[in-house]
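Okay, so here's the structure we're looking at.
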Amino acid sequence: MLLGAVLVLLLLGGAAPASAHAALRGSDPEDGSVVASAPRHVTLTFTESVGLLEDSFRVYGPDNRRVSLGEPRHADGASDTARVGLPGGLAEGTYTVAWRVVSADSHPVSGAFTFSVGKPSPTAPAVPAERAGHPVTTSLYDTARHLAYIAAALLIGTAAFAALCRPPDPAPLRLPLLTGWWTLLTATVVLLVLRAPYEAGTAPGTALDASAAARTLAGRPGTALLTRLALLLLTAAALLWASRRRAPGPDRVSRAHLAAGAALSVGLALTWAAAEHASAGIQVPLAMTSSVLHLLATACWLGGLTALLLTLYRARTPPPATTVARFSRLAFASVTVLVVTGVYQSWRGLGSWAALTETSYGRTLTVKLVVTAGLLLVAGLSRRWTARLVTAEAPVAVAERVPEPVGAAGPAGPAGAAGGGPEAGRRDTDPGEQPSPPDGPHDPDGPDRRRRALRLSVLVEVAVGIVVLLVTTVLTGTLPARAEAEAAGAGPVAGLPGASVVTIPYDVGVPGGTGRVQITLDPGRVGENGVQAVVFGADGSLRIIPELRLSFTLAARDIGPIDAGLTDRGGYWATSDLDLPLEGTWTMKATIRVSELDQVSESRQVRITR
């Protein structure tokens, strides 16, 4: 089951990057506006608070050259704004503003718009393409997010099952506790390391940049991840303490252990609520409380299910019906909390009934509701088998507690051998004095059949629960319908035209020396351009090569070759300052070296416009 979940996670991680939860509400200057004099600042307003990056703003002048900017900051201390200072003496014409910020729910979001000083430029401005996240970084980061959710449910749910349901044989619970703790620790470290390149949309290798890492740790998502690491260390200490200091009696858990476990569980849940969409938007305190309760209820239900499943299959002796009945009550309470908090969170994210079918958030939420309904049906079946198991075992327990009648084990004699006279006869015929289990000699395997049925229903419940967790993680990476409607009501924002993309096949002539290079020229117009080049092998996978050179020649004007100056960015090659001074059809020559001795050069024609 764990292997299958990881494969699904990798497939989801390789999909398109998730939509962020912050949407641009407005800008000053407004998109497409013409101002009489050059503004001193560019200010953006979003639907929720945002974090700023070192290069949150890029401004291009009428000549397609980048404008020198000040340091980005929040306008008047408002966390839902972003502002950057412009230099004095801006020339007349149209300016392009490209921006990238980090949403309060930890997802990066970017876009672009234009404004004009005096009058618009005679030619269309060069709008840079939106910086999409690096595919490797995005896949690794999203996979770690999915694993963190599953690991948290496993860790918290197993601990809750052990403390509240009190199985007589806790040995099978050691594996899920350790697996949940180590997986959550590893996933958190990966998220923390990849946070800076994920925000900037760069390759994983840029995580070694000390300045970017320090800036990330100072932000809300970085702080939440650091807090989660500290809480995990405290959790490990608490688990060791609980294993060495057992409460008096085999069926008791001390109040100190319960209090410590509850505090650590709430703290871990808060690290998600503080870094995701519950921390932004309307009714933040209530939303964060609902998010914490929702996550804890999910963990107690689905993580507890996994613990129950392992107990049913791997315990030295079958768990008593009382243990299963306690979990049944815990699961019922968890489902009640999930329904209440889920309804509130759905209302908060949707904003209207129409959004259920008209938005990505609504459609994803509908899928989650359908899968959850299936999960509730299976849970009802498990609860039914639990009730039958309790009913079957309860009379047996009563019978075992009935004292042996006086004289029943007396000396052998005619009366004793026959059962002990009239008093004994009345005991034998009175069903209320010494009941027998309903699964008596006519149905000796009744309890075993019930346990097998319960195991099967719990197994199905766990499998469907994993699907619910996966859909929930996808839902947290989707723009809420309420924010989408709010941004749409603020007026249109300039879209981002696609950059020039060229794919060049290559064949060096040696085994393993074939593949293709995908080159993105941003914006593919006169002036400063950015270049990104990704090398793929013959099987379509990313390939690391020792060198990639790119040059541009405009033969009609006898210009070039101009070396692009590509540098290895840890999985792809790029530059941000290629200057192409004139429009026309340029010859782009790529030299691919796959080893110390083997290389090949290929050329393509690219059109550069104003």
Can you tell me how far the CZ atom of R607 sits from the CD atom of E583, to the nearest 0.5 Å? 6.0 Å
Using atom types as modelled and distance alone, determine if a side-chain donor or acceptor of T81 lies under 3.5 Å from a backbone N or O of A78. yes
Among residues at least two apart in sequence or on other chains, which ones pass ring-ring contact (aromatic ring centres under 6.0 Å, His included) with F57? none
Which atom of M288 lies closest to which atom of L270, heavy atoms considered: CE-CD2, 4.3 Å
Okay, side chain of S33, backbone of E30: is any donor-acceptor separation there less than 3.5 Å? yes
Counting N and O atoms only, with roles assigned by atom type, does the side chain of S291 sit under 3.5 Å from a partner on the main chain of A287, one being a donor and the other an acceptor? no
Give a yes or no answer on whether the side chain of T186 reaches the backbone of T183 with a donor-acceptor pair at less than 3.5 Å. no
Under a 4.0 Å N-O cut-off, is there an ion pair linking R73 with E71? no
Counting only N and O atoms by type, is there a donor-acceptor contact under 3.5 Å from the side chain of T575 to the main-chain atoms of L578? no
Supply the atom-to-atom distance I545 CD1 to L548 CG, rounded to the nearest 0.5 angstrom. 4.5 Å
Report yes if the side chains of V502 and L521 come closer than 4.5 Å at any heavy-atom pair, otherwise no. no
Would you confirm whether S121, through its side chain, and T94, through its main-chain N or O, come within 3.5 Å as a donor-acceptor pair? yes
Calculate, to the nearest 0.5 Å, the distance between atoms OG1 and CE belonging to T553 and M588 respectively. 11.5 Å
Think R516 forms a cation-pi with F536, using NZ or CZ under 6.0 Å from the six-ring centre and within 45 degrees of its axis? yes
Sidechain-backbone polar pair: S27 side chain, P29 backbone, donor-acceptor under 3.5 Å: yes
Closest non-hydrogen atom pair, A148 against W272: O-CZ2, 3.7 Å
Counting N and O atoms only, with roles assigned by atom type, does the side chain of T143 sit under 3.5 Å from a partner on the main chain of S139, one being a donor and the other an acceptor? yes
